[in-house]
Amino acid sequence: MPKKAATESVLDLVRVRNIGIIAHIDAGKTTTTERVLYYAGRIHRMGEVHDGAATTDYMEQEKERGITITAAAVTAFWNGHQINVIDTPGHVDFTAEVQRSLRVLDGGVVVFDGVAGVEPQSETVWRQANEYRVPRICFVNKMDRIGADFQRCVDMIIDRLKGNPVVIQLPYGEGADFSGIIDLMKMDMATYGDDLGESMLRQPLPADIMEAAEAARAEMIEKIVETSEELTERYLSEEPISDEELVKALREATIAGTVQPVLCGSSLRNRGVQLLLDAVVDYLPSPLDVPPIQGVNPKNERAEERYPSDDEPLSALVFKIVTDPFVGRLAFFRVYSGVIYAGSMVLNTSKDRKERIGRVVRMFADRREDVTEVHAGDIAATLGLKDTFTGETLSAQGHPIVLENIKFPEPVIAVAIEPRTTADQDKMGIALAKLAEEDPTFVVQINEQTGQTLISGMGELHLEVLVDRLKREFKVDARVGKPRVSYRETITIPAQGEGRFVRQTGGSGQYGHAIIKVEPLPDDVKDEYIIEDKTVGGSIPKEYIKAVLDGMREAAQSGVIAGFPVVRFKASVIDGSYHEVDSSEMAFKIAGSMALKDSINRGKPILLEPFMRVEVIVPEIYAGDVISDLSARRAEIAGMETRIDGVASVKAHAPLGEMFGYATSLRNMSQGRGSFTMEFVQHRPAPESVIEAVIRGGG
């Protein structure tokens, strides 16, 4: 490729922003994205979520439910900058969509409801953004609603999220009185001359707000100069600091993740979105501002890094697969270095297989725009990849690199599914496989004992949506059983077990013998289990150790109480014996499996049940009934808050097994005025009554 074109492309990278809009359900992410597209001139009419007309909520299930289910990618242009926006779901059942989006984004806009403040899923997405080190700005939305409280929201970002917010805007009035946005950088006020928010007017600050604005600006300057030694010295010496220097320092601190600028507005009323776009350009990073992507060279297992330049060898991460009924399988990818060309050959380094790039398209929600090439720092999709799935790396054939995969949470709920007719049988298998390719938190298994097909996911809504897609997109009519909880098993005491597999047949026999020690893992260890070799003196030959470890891993998939996976344990192979002639890999694999089962049996195994963090929002008059009902479901009540608007927020930790059908109970209890969110927290020991029910098959 000519050097000139590459340089132009790198210059363009300064003007690229890859951002995600993340928040709790119903904070206004999709409405905000819709306004971004409108003001950027990508759409000519704003669609509303409640009408099922939002651009990024294009699936039938999204339109009907008024929620975002799948992350949608759109591209907008603002002040000479290209902004690739991913609108993510807020419902915890679709948390994988947020996770994979954050993995490939450079920055995030966290939207908060001005009335509710920081909500449970706000905490989850904030935690995920911390994990992926994504710089972010905060947008306090819905400032026009009764009960909106900007300062309370900022305080909650500090208290609950342990954030470091820098307030750069203040609302002029709150609730019905919200009529303008005070810009603390420019010390003026933005008001709007029309309902569509297109004629934004800048005017001097009203006298009644001047004192508060000056105090807020002084606080803002203090927080910004704290991030720079040079500015701190100048500030203490009372030297003047220009607004340009403040913006530059705030940008650097935001990109470093030490502060988060806070803005405000009302997306539904078309207030503050243009200023938000300005802030995205001013404070969030371009692909050149983030550290180079790191990976491993599969040939020598050495760490390597790639810079965001067209001149570097190609490295791209596939972060999402979508099965499109019209064009087939779409693979979304982010190019970290080099250029992807339509029709070129690349290497899937995760599997060491060559792939041909078919059509390359830039996505605009569900619409596609063909392009011939995608440069470093950009996000696009391709058709025609056969063996490439979520989390896998594409690289130049002569320069392989494997980028870090994306980790997803384990499913917590399962249901049995069966086709209504034999004609649906084959179609169902193909359709479930396609859905599982798309969604890493959706798992399809065949129960060996019963022959039933089990589908597992992140919650009732998650599975309900997938079954609905089976019927609509794949025309498969299926019956679904009642939900089952994904329990786990673990041990409570250290133990030692033995597995001896000896078979004498006509010719050579089979001989494998392993002794292993198991011990419980502390709760703060993230690994599900640790399996290692601690043998000495060649009691088991090196070539058989892998077989023993494989057998142990297989055995860990089904425990001894009720066949659920065993977690939170460390198992070490400490001894064993072999036979010169009869030993084989298969014999040692079986011995490893037997030894793990034996040691778990001796380790006083217990059943673990998933506990969920539950938040119920109801009018205050129903709070007592909600607390009583949750207590009857074995929930631990963590607290209750009452808001200005007469709404109570009840927080609790509850076992998932007791929460099935809760939506209906809450509807009846609150006359349809309550809502709730549920998020997996941890597995905890189950009581005897639950263990008995699970063993009897009632789990």
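The first residue in the sequence is number 1, and the count goes up from there. Bear in mind the structure is a predicted one, so any value in this text is a computation, not a measurement.
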Query raised in the report: Using a distance-only test with no angle check, is there a side-chain donor-acceptor pair under 3.5 angstrom linking Ser649 and Glu615?
Result: yes

Query raised in the report: Which pair of non-hydrogen atoms, one from Met428 and one from Ala478, has the smallest distance, and what is that distance?
Result: SD-CB, 4.3 Å

Query raised in the report: Taking atom NZ of Lys651 as the centre, does the number of heavy atoms from other residues, nucleotides or ligands within less than 6.0 Å exceed 12?
Result: yes

Query raised in the report: Excluding sequence neighbours, so at least two apart, what forms side chain to side chain contact (heavy atoms under 4.5 Å, CB included) with Ser539?
Result: Thr535, Asp575

Requested in this report: Decide yes or no for Phe442 and Ser456: does some side-chain heavy atom of the first lie under 4.5 Å from some side-chain heavy atom of the second?
Outcome: no

Query raised in the report: Does the Arg160 side chain pair with the main chain of Val118, one donor and one acceptor, at a distance under 3.5 Å?
Result: yes

Query raised in the report: So do Arg133 and Val290 actually touch side chain to side chain, heavy atoms under 4.5 Å?
Result: no

Query raised in the report: Within a radius of less than 6.0 Å around NZ of Lys434, do more than 12 heavy atoms belonging to other residues, nucleotides or ligands occur?
Result: no

Report task. Take Ser577 and His513 through the test side chain to side chain donor-acceptor pair (under 3.5 Å) and record every step on the way to the result. Result -> CA-CA 5 Å; Ser577 61; His513 173 221; 2.7 Å; yes

Query raised in the report: Is any NZ, NE, NH1 or NH2 atom of the basic residue among Lys589 and Asp550 found under 4.0 Å from an Asp or Glu carboxylate oxygen of the other?
Result: no

Query raised in the report: Do the side chains of Ile627 and Met640 get nearer than 4.5 Å, heavy atoms only?
Result: yes

Query - Check: Ile515 and Val573 side chains under 4.5 Å, non-hydrogen atoms - result: no

Requested in this report: Kindly indicate whether the side chain of Phe332, heavy atoms from C-beta on, has any atom under 4.5 Å from the side chain of Val104.
Outcome: no

**Report entry** Closest non-hydrogen atom pair, Gly576 against Ile540
**Finding:** CA-CG1, 3.9 Å

Report task. Hey, could you give me the CG/CD1 distance between Leu470 and Ile417, rounded to the nearest 0.5 Å? Result -> 5.0 Å

Query raised in the report: Where do Gly117 and Met156 come nearest, in terms of heavy atoms and distance?
Result: CA-SD, 3.8 Å

Query - Residue list, ring-ring contact (aromatic ring centres under 6.0 Å, His included) with Phe564, at least two apart or on another chain - result: Tyr487

**Report entry** Among Glu304, Arg306, Glu305, the one residue meeting side chain to side chain donor-acceptor pair (under 3.5 Å) with Gln294
**Finding:** Glu305

**Report entry** Any side-chain heavy-atom pair of Arg103 and Leu403 under 4.5 Å
**Finding:** yes

Query - Any donor-acceptor N/O pair, Asn164 side chain to Thr258 backbone, under 3.5 Å - result: yes

**Report entry** Interatomic distance, Thr492 atom OG1 to Lys604 atom NZ [nearest 0.5 angstrom]
**Finding:** 6.5 Å

Query - Ring center gap for Tyr578 and Tyr544 short of 6.0 angstrom - result: no

Report task. Under the side chain to side chain contact (heavy atoms under 4.5 Å, CB included) rule, collect the residues that match up with Pro298, sequence neighbours excluded. Result -> Thr349, Pro400, Val402

Query raised in the report: Should Phe676 and Tyr662 be marked as a ring pair (Phe, Tyr, Trp, His ring centres under 6.0 Å) after you check the CA-CA gap, both sets of side-chain angles, and the distance that decides it?
Result: CA-CA 9 Å; Phe676 77 102; Tyr662 186 65; 5.0 Å; yes

Query raised in the report: Under the 3.5 angstrom rule, does the side chain of Glu585 hit a backbone N or O of Ala547 as a donor-acceptor pair?
Result: no

Report task. List the steps and the verdict of side chain to side chain donor-acceptor pair (under 3.5 Å) for Asn130 and Arg136. Result -> CA-CA 10 Å; Asn130 284 342; Arg136 66 215 80 142; 2.9 Å; yes

Query raised in the report: Does NZ or CZ of Arg334 lie under 6.0 Å from the centre of the six-membered ring of Tyr336, at an angle within 45° of the ring axis?
Result: yes

Query raised in the report: Would you say the side-chain atoms of Glu489 pair up with the backbone N or O of Gly563, donor to acceptor, closer than 3.5 Å?
Result: yes

Query - Heavy-atom side-chain proximity of Ser486 to Ile413 below 4.5 angstrom - result: no

Query - Sidechain-backbone polar pair: Glu392 side chain, Lys351 backbone, donor-acceptor under 3.5 Å - result: no

Query raised in the report: Within the distance-only criterion (no hydrogens, no angle test), does the side chain of Thr490 pair as donor or acceptor with the backbone N or O of Val567 below 3.5 angstrom?
Result: yes

Query - Spatial distance of atom OG1 (Thr441) from atom NE2 (His462) [nearest 0.5 Å] - result: 4.0 Å

Query raised in the report: Can Glu543 and Lys546 be counted as an ion pair, charged N to O under 4.0 angstrom?
Result: no

Report task. Determine, step by step, whether Leu607 and Val694 satisfy the side-chain contact (heavy atoms from CB on, under 4.5 Å) criterion, reporting the C-alpha distance in whole Å, the side-chain angles of both residues, the deciding distance to 0.1 Å, and the verdict. Result -> CA-CA 9 Å; Leu607 195 71; Val694 170; 3.9 Å; yes

Query raised in the report: Given the rule in the side chain to side chain donor-acceptor pair (under 3.5 Å) test, do Arg500 and Tyr511 qualify, once you have shown the distances and angles that lead to the verdict?
Result: CA-CA 8 Å; Arg500 188 187 292 272; Tyr511 185 93; 3.2 Å; yes

Query raised in the report: Donor-acceptor pair, Ser599 side chain versus Val518 backbone, under 3.5 Å?
Result: no

Query raised in the report: Taking all non-hydrogen atoms of both residues, which atom of Pro605 and which atom of Val560 are closest, and how far apart?
Result: CG-CG2, 3.7 Å

Report task. Return yes if some donor-acceptor pair links the side-chain N/O of Ser350 with the main-chain N/O of Thr393 below 3.5 Å, else return no. Result -> yes

Query raised in the report: Would Arg684 and Glu636 satisfy salt bridge (charged side-chain N to carboxylate O under 4.0 Å, His left out), going step by step from the backbone distance to the final call?
Result: CA-CA 13 Å; Arg684 294 191 195 173; Glu636 299 163 3; 2.7 Å; yes

Query raised in the report: Distance from Phe389 atom CZ to Glu437 atom CD, nearest 0.5 Å?
Result: 4.0 Å

Query raised in the report: Okay, side chain of Arg568, backbone of His683: is any donor-acceptor separation there less than 3.5 Å?
Result: yes

Query raised in the report: Are any of the side-chain nitrogens in Glu438 or Lys320 under 4.0 Å away from the carboxylate oxygens of its partner?
Result: no

Report task. Take Arg633 and Ser665 through the side chain to side chain donor-acceptor pair (under 3.5 Å) test and state the conclusion after the steps. Result -> CA-CA 12 Å; Arg633 294 171 186 267; Ser665 303; 3.0 Å; yes

Report task. Drop me the distance from Met552's CE to Ser593's OG, to the nearest 0.5 angstrom. Result -> 10.0 Å

Query raised in the report: Does Leu521 reach the side chain of Ile530, with side-chain heavy atoms less than 4.5 Å apart?
Result: yes

Requested in this report: List the atom of Ile493, the atom of Arg602, and the distance in Å for their closest heavy-atom pair.
Outcome: CD1-O, 3.8 Å

Report task. Just do the side-chain contact (heavy atoms from CB on, under 4.5 Å) check on Leu666 and Val626 with the steps written out, would you? Result -> CA-CA 8 Å; Leu666 180 62; Val626 166; 4.0 Å; yes

Requested in this report: Decide side-chain contact (heavy atoms from CB on, under 4.5 Å) for Leu466 and Ile455; before the verdict, give the C-alpha distance in whole Å, the side-chain angles of both, and the deciding distance to 0.1 Å.
Outcome: CA-CA 10 Å; Leu466 286 163; Ile455 55 173; 5.8 Å; no

Query raised in the report: In Å, rounded to the nearest 0.5 Å, how long is the span from CZ of Arg329 to CD1 of Ile321?
Result: 5.0 Å

Query raised in the report: Given the rule in the side-chain contact (heavy atoms from CB on, under 4.5 Å) test, do Glu301 and Val296 qualify, once you have shown the distances and angles that lead to the verdict?
Result: CA-CA 6 Å; Glu301 297 298 316; Val296 172; 4.0 Å; yes

Query raised in the report: Taking everything shown except Arg127 itself, do over 12 heavy atoms lie less than 6.0 Å from its CZ?
Result: yes

